[in-house]
Amino acid sequence: MPETARDYRSTLNLPKTAFPMKANLAQAEPITVANWESEGRYDSLMKATAGAPSFVFHDGPPYANGAIHVGHMLNKVLKDFIVRGQIAAGSHCPYVPGWDCHGLPIEHKVMVEVFKDAKAEKLATLSDSVRRMAIRRECKASAEKFMGLQAKQMKRLLTLADYEHPYATMQPEYEAGTLENFATLVEQGLVFRQLKPIHWSIANRTALAEAELEYEDREDPSVFVDFEATDAAAVGNAFGAEVECTPSFMIWTTTPWTLPANLAIAVHPRLEYSLVHLDGALCVVASALLQRVVAAIGAESVKVIAVGPGANLVGLKYRHPFMDRESPVVAAEYVTTEDGTGLVHTAPGHGEDDYRTGRANGLEIYCPVQGDGTFDDTAPEWLRGKTVWEGNPLVIESLRQSGHLVHTAMFSHSYPHDWRSHTPVIFRTTEQWFIGVDRPMRRDGRTLRQAALESVEKSISFVPQWGHNRLRGMLESRPDWCISRQRSWGLPIPSFAFPDGSVLLTPASIRAVAVAVRARGSDAWFTEEPAELLATYDASKDPDAPEGLTVATLTKMYDIFDVWFEAGSSWHSVLRQRQLGFPSEVYLEGSDQHRGWFQLSMLPALGVTGRAPFNTLLTHGFIVDKDGRKMSKSLGNALEVEDLLKDFGADVCRWWVSSVAYDGDIRMDKEHVRLAGESYRKVRNTLRFLLSNLDGFTPAGELPQIQPTSLDAWALGELHRTGSEVTAAFRAYDFRAAHLAIFNFCNDTLSSIYCAAAKDRLYCDAKNAPRRRCTQAVMHECVRRLCALLWPILPHTAEEAWRALAASSGESATAAGVDMAAMLELGKSGSAGSSPNNSAPDARWPAVLLTRASVLRALESAKARGIENPLDAGVRIADPQGLWQPFAADLADLFGVSRVELLASGEGIEVTDLRSEPRCERSWRRDASVRTRSDGGVLSDRDAAAVGVV
RNA sequence: GCGCCAGUAGCUCAGUUGGCUAGAGCACACCCCUGAUAAGGGUGAGGUCGAAGGUUCGAUUCCUUUCUGGCGCACCA
């Protein structure tokens with residue numbers, strides 16, 4: 001035996017691969033994206049799957065405003081799992097990304113950022129339609145800019161979609177589709193015009209949305225007013241008391257100018273009210289507020305006559321203090337005892353609550369205030385032509401003179417103001433367009449609400465299940481849908497006004513405008529005359545047109561659609577118009593869309609087609625921070641997608657997405673993504689190890705025959721089981737289960753067990769030894785299948801590995817791309833859960849692995865005896881029944897020890913100390929065959945043969 | 001205020017129709033390997049299942065209340 005051990009390193013088959021350990025995703029992925037784009041990857045995949053059954057999947061449009069945030073990332077990546085999962089499973093799954101482009105947030109932003117200072121002043125001087133077009137041009141530019149930005153970011157997330165032909169709600173053909181839907185809804189009798197109170201800016205003569213309001217403190221005169229009952233005795237009866245004079249209902253308000261429009265007093269039915277003498281006057285006040293009222297008005301003598309519930313007051317009548325009318329006391333649940341008297345002045349034309357109360361009680365929706373803030377001719381003479389702010393003191397003075405004013409004082413409160421002019425806004429009723437949810441449809445007499453509830457119950461499936469209750473609850477309680485907005489940036493509601501103020505909006509007239517819009521876009525509404533817009537309209541053939549209609553007398557009206565109506569028409573404007581199939585198999589959005597896109601797509605579709613536009617509603621929760629709190633810029637806990645991509649890469653972000661339980665809130669933190677990165681590296685390194693042992697290996701078509709009791713059979717069996725699990729998980733949209741199955745396969749089956757056990761034969765067997773070749777064949781199969789399974793989740797990494805695999809066997813190593821067709825084929829065969837022409841692994845394998853666990857524990861405790869390296873150990877297992885005998889060939893590798901002996905008698909596991917036995921200089925094993933060879937080296941039989949010595 | 005949902009080891013999650021000492025992975029500790037090496041392997045510690053009541057022989061699992069958080073809706077006359 002020589003002094004120094006021979007170096008047999010060069011005689012080994014050591015791992016070798018170009019597949020790097022470090023993924024370098026942040027740099028590599030943009031190149032992948034560019035390659036996909038230049039080679040037309042989306043189109044070629046569509047072509048490759050052209051004949052396959054279609055899976056209809058429709059994208060909900062994000063709002064084209066700002067960069068994408070982590071919520072978009074979650075949503076788009078989940079959608080991509082579906083798209084790629086379907087393609088990998090052999091379906092044809094076209095996917096058109098879309099954007100919601102119209103609406104207030106963009107207009108608001110343009111008004112703030114573009115039309116400021118001098119530009120804003122100049123804008124104000126323009127005529128209405130010129131001004132609208134100026135705003136619309138800027139809005140369109142903004143929407144286009146953000147569509148471009150978001151598309152770029154979405155591509156960077158490695159999502160697969162028809163980015164060459166996206167849809168946008170502002171595209172002419174999309175707009176035309178929306179109008180066609182609207183025409184059908186009108187035809188079905190669902191559209192009507194009605195008064196509704198809205199925030200109104202007098203300064204700008206426009207309706208304002210919540211986003212355009214700023215709440216500022218303001219002082220207003222508050223007044224306590226007595227409304228005299230018309231029937232004293234009835235009031236007495238309500239309280240079960242005798243009354244000797246006319247009682248009054250005392251109300252309180254901070255907007256005296258709304259008193260002309262008072263049409264009711266609201267009381268809470270279960271609140272207690274008092275009939276009380278206050279300084280001689282008999283009035284009704286909520287008992288809980290009596291002390292405060294007394295203090296406020298400074299009453300000196302207080303005498304409670306009787307008390308009773310508000311319910312008893314309902315139906316009583318009172319006389320308006322200065323208008324010639326009698327109005328009722330009504331019940332309302334929202335009445336509180338926080339301020340005032342517990343009797344609420346109700347003007348249905350001047351408040352949201354009041355409006356609802358008015359409608360519920362059949363009151364007129366009366367609004368004597370005009371757009372310029374002045375009273376109209378229906379107001380008392382002394383108010384006509386005065387503004388509401390001039391009206392306040394006039395009303396108070398009138399009340400004082402007629403003796404109805406009990407008390408007045410200035411009251412400071414937070415009040416909504418116009419964000420631009422900083423002037424206070426008022427509530428004012430205006431005519432708005434509605435889609436009625438309780439109106440019978442011409443088609444079958446059902447209402448939208450009935451139809452919607454029926455599909456929720458019968459034909460839609462929900463993932464997760466609770467979406468069912470949520471959507472049903474919302475449908476049960478939703479009011480009619482107000483679809484009109486008084487803005488510029490949107491699709492006009494194509495209604496025309498006759499000189500007498502009546503309105504033309506018939507299915508035929510809408511369809512005629514749709515033709516114009518399809519050709520020239522919705523700008524046409526602002527730039528063309530009614531005659532041009534209605535060029536294809538023939539009133540004589542329109543059964544709904546009024547007699548003797550002359551287009552020349554019509555004027556355009558300028559309401560636009562609620563953007564939700566546009567987004568809610570996408571199933572028609574995209575799926576049906578582009579012939580992609582209808583309905584969509586799934587809609588996948590955040591849980592906020594039960595109120596939004598889910599519901600507002602469903603209603604038009606039910607009205608137009610009679611069915612919902614989707615079969616399954618898949619919802620995900622919201623991303624919250626690591627403490628479960630909402631992410632927001634102001635809290636400073638928001639994560640930026642750009643940062644995540646830069647720090648971790650898209651594949652790691654996608655790997656993280658696939659790992660979360662997406663129903664319910666999703667906690668997210670950089671640390672979580674970093675952890676996902678760790679587990680990604682595990683998968684990557686496993687692939688790398690496999691690839692590095694396939695250098696120069698060319699698979700021989702089919703796998704070799706494999707013994708069921710061999711390690712290879714077990715690994716192959718696990719591979720197939722994993723494949724079936726992953727495919728089933730994708731079918732159930734349970735990406736997390738797929739993620740876990742893949743990870744466990746890589747981490748346990750391969751890295752911890754199979755690869756560790758296979759090292760010896762891979763490195764030390766002769767290059768062409770059948771045992772080594774067999775294991776390589778199985779590993780080759782593992783890489784192929786893993787690539788196919790990983791592709792929907794980690795498209796970049798899967799393709800990178802696929803390329804490396806091709807390179808290892810020298811085949812198509814020059815091809816820039818991946819042989820997608822082969823990968824897709826593989827996905828298809830995998831989905832069938834096939835096991836190739838090899839026999840299944842032996843049924844005793846689970847037991848063998850349990851034994852392995854026991855052996856490992858025994859080896860651990862043997863460390864105390866100084867046997868620290870498993871290759872210094874041998875294992876004796878009692879096997880009287882000969883159970884382990886068939887596995888004998890692989891047991892030593894499986895346990896990582898030098899030698900395993902099966903004993904015909906005895907019991908248990910014994911670890912033997914082999915440190916005194918010679919160690920093979922090549923394989924480092926203390927195999928029983930190790931001895932000095934002809935070259936002077938100390939080798940085992942196998943190694944001697946591999947090196948070619950005896 | 002109303003509706004829906006969630007609350008299990010430091011973190012991400014499993015826990016079938018209530019039933020054996022509540023399970024994984026990561027992180028952590030200790031050890032091995034140095035021929036997957038800015039890798040790989042082994043062993044181990046760690047939880048009164050948000051809280052309080054109740055039903056039951058028995059509850060993480062069913063009921064009630066409550067706390068915390070999320071989404072949606074309403075409200076401030």
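Bear in mind the structure is a predicted one, so any value in this text is a computation, not a measurement. Naming: A, B, ... by sequence-line order, numbering from 1 per chain.
With B/G41, B/G25, B/C76 as the candidates, the nucleotide lying closest to the side chain of A/Asp353 is B/C76. Minimum atom distance to the side chain of A/Glu860 is reached by B/U43, of the listed B/G40, B/U43, B/A36. With B/C11, B/A36, B/G25 as the candidates, the nucleotide lying closest to the side chain of A/Asn747 is B/G25. When distances run from any side-chain atom of A/Arg470 to the nucleotides B/G40, B/G25, B/G3, the shortest one goes to B/G3. Listed nucleotides: B/G3, B/C32, B/C73. Nearest to the side chain of A/Asn869: B/C32. With B/C71, B/A27, B/G35 as the candidates, the nucleotide lying closest to the side chain of A/Phe622 is B/C71. The side chain of A/Asp592 lies closest to B/C71 when the candidates are B/A36, B/G42, B/C71. Side chain of A/Trp924, nearest nucleotide from B/G35, B/C5, B/A39: B/G35.
The residue A/Ser692 sits apart from the nucleic acid: no heavy atom pair falls under 4.0 Å. The residue A/Arg667 sits close only to the backbone: its heavy atoms come under 4.0 Å of sugar-phosphate atoms, none of a base. Residue contacts shown for A/Pro870 are limited to sugar-phosphate atoms, with no base heavy atom under 4.0 Å away. A/Ala756 comes within 4.0 angstrom of no nucleic acid atom, judged by non-hydrogen atoms across all strands. Using a 4.0 Å heavy-atom distance criterion, A/Lys863 is classed as a base contact. Using a 4.0 Å heavy-atom distance criterion, A/Leu12 is classed as a base contact. Across all strands, A/Glu352 comes closer than 4.0 Å only to sugar-phosphate atoms, never to a base (heavy-atom distances).
When the C1' atom is used for both B/C20 and B/U37, the distance is 45 Å, rounded to whole Å. Rounded to whole Å, the separation between the C1' atoms of B/A74 and B/C2 comes to 7 Å. As rounded to the nearest Å, B/U64 and B/G72 have C1' atoms that lie 25 Å from one another. Comparing the P positions of B/G42 and B/G50 gives an interatomic distance of 32 Å, to the nearest angstrom. Distance noted for atom P between B/C31 and B/U8: 34 Å (whole Å).
Pair assignment for B/C49: none, as no Watson-Crick or G-U wobble contacts are both less than 3.5 Å. Pair assignment for B/U34: none, as no Watson-Crick or G-U wobble contacts are both less than 3.5 Å. In this structure, B/G44 forms a base pair with B/C28, meeting either the Watson-Crick or the G-U wobble geometry with both donor-acceptor distances under 3.5 Å. Searching all strands for a Watson-Crick or G-U wobble partner of B/G7 with both distances below 3.5 Å returns B/C67. Across all strands shown, the partner of B/C2 is B/G72, judged by Watson-Crick or G-U wobble contacts whose two distances both fall under 3.5 Å.
OP1 or OP2 of B/A36 has not a single side-chain nitrogen or oxygen of A/Thr686 nearer than 4.0 Å. Contact check, A/Lys682 against B/G40: a side-chain N or O comes under 4.0 Å of OP1 or OP2. Between A/Arg356 and B/C75, a side-chain N or O to OP1/OP2 separation shorter than 4.0 Å is present. Considering only side-chain N and O atoms, A/Lys22 lies nowhere under 4.0 angstrom from the phosphate OP1 or OP2 of B/A38. Using a 4.0 Å cut-off, no side-chain N or O of A/Arg688 falls inside it from OP1 or OP2 of B/A36. Residue A/Tyr763 places at least one side-chain N or O closer than 4.0 Å to OP1 or OP2 of B/A36. Between A/Asn685 and B/U37 there is no side-chain polar atom (N or O) within less than 4.0 angstrom of OP1 or OP2. Taking side-chain N and O atoms only, A/Ser591 has no distance below 4.0 Å to OP1 or OP2 of B/G72.
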Evaluate ring-ring contact (aromatic ring centres under 6.0 Å, His included) for A/Phe411 paired with A/Trp252, printing each intermediate quantity in order.
CA-CA 11 Å; A/Phe411 183 78; A/Trp252 177 78; 5.2 Å; yes

A/Asn693 vs A/Tyr763, test: side-chain contact (heavy atoms from CB on, under 4.5 Å). Steps then yes/no.
CA-CA 9 Å; A/Asn693 282 291; A/Tyr763 299 170; 3.5 Å; yes

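Rounding to whole angstrom units, CZ of residue A/Arg472 and P of B/C4 are separated by 9 Å. The distance from atom CG of A/Asp663 to atom P of B/G70 is 18 Å, rounded to the nearest whole Å. Summarising the geometry, the separation between CD on A/Gln593 and C1' on B/C73 is reported as 15 Å, rounded to the nearest angstrom.
If you check the side chains of A/His620 and A/Asp663, you find no donor sitting under 3.5 Å from an acceptor. Side-chain contact of A/Ser940 with A/Asp943: a donor-acceptor pair under 3.5 Å is present, judged by distance alone. In this structure, a donor-acceptor pair under 3.5 Å is absent between the side chains of A/Asn869 and A/Trp924. There is no side-chain donor-acceptor pair under 3.5 Å between A/Thr258 and A/His350.
Position along RNA chain B of the nearest nucleotide to A/Phe411 versus A/Met21 favours A/Met21 as the more 5'-ward residue.
Among pairs with a residue in residues 10-23 of chain A, those fulfilling side chain to side chain donor-acceptor pair (under 3.5 Å) read A/Thr11-A/Arg922, at least two apart in sequence or across chains.
A centroid separation of less than 6.0 Å is found between the aromatic rings of A/His739 and A/Trp655.
The base of B/A36 sits within donor-acceptor range of the side chain of A/Ser751, with an N or O pair under 3.5 Å.
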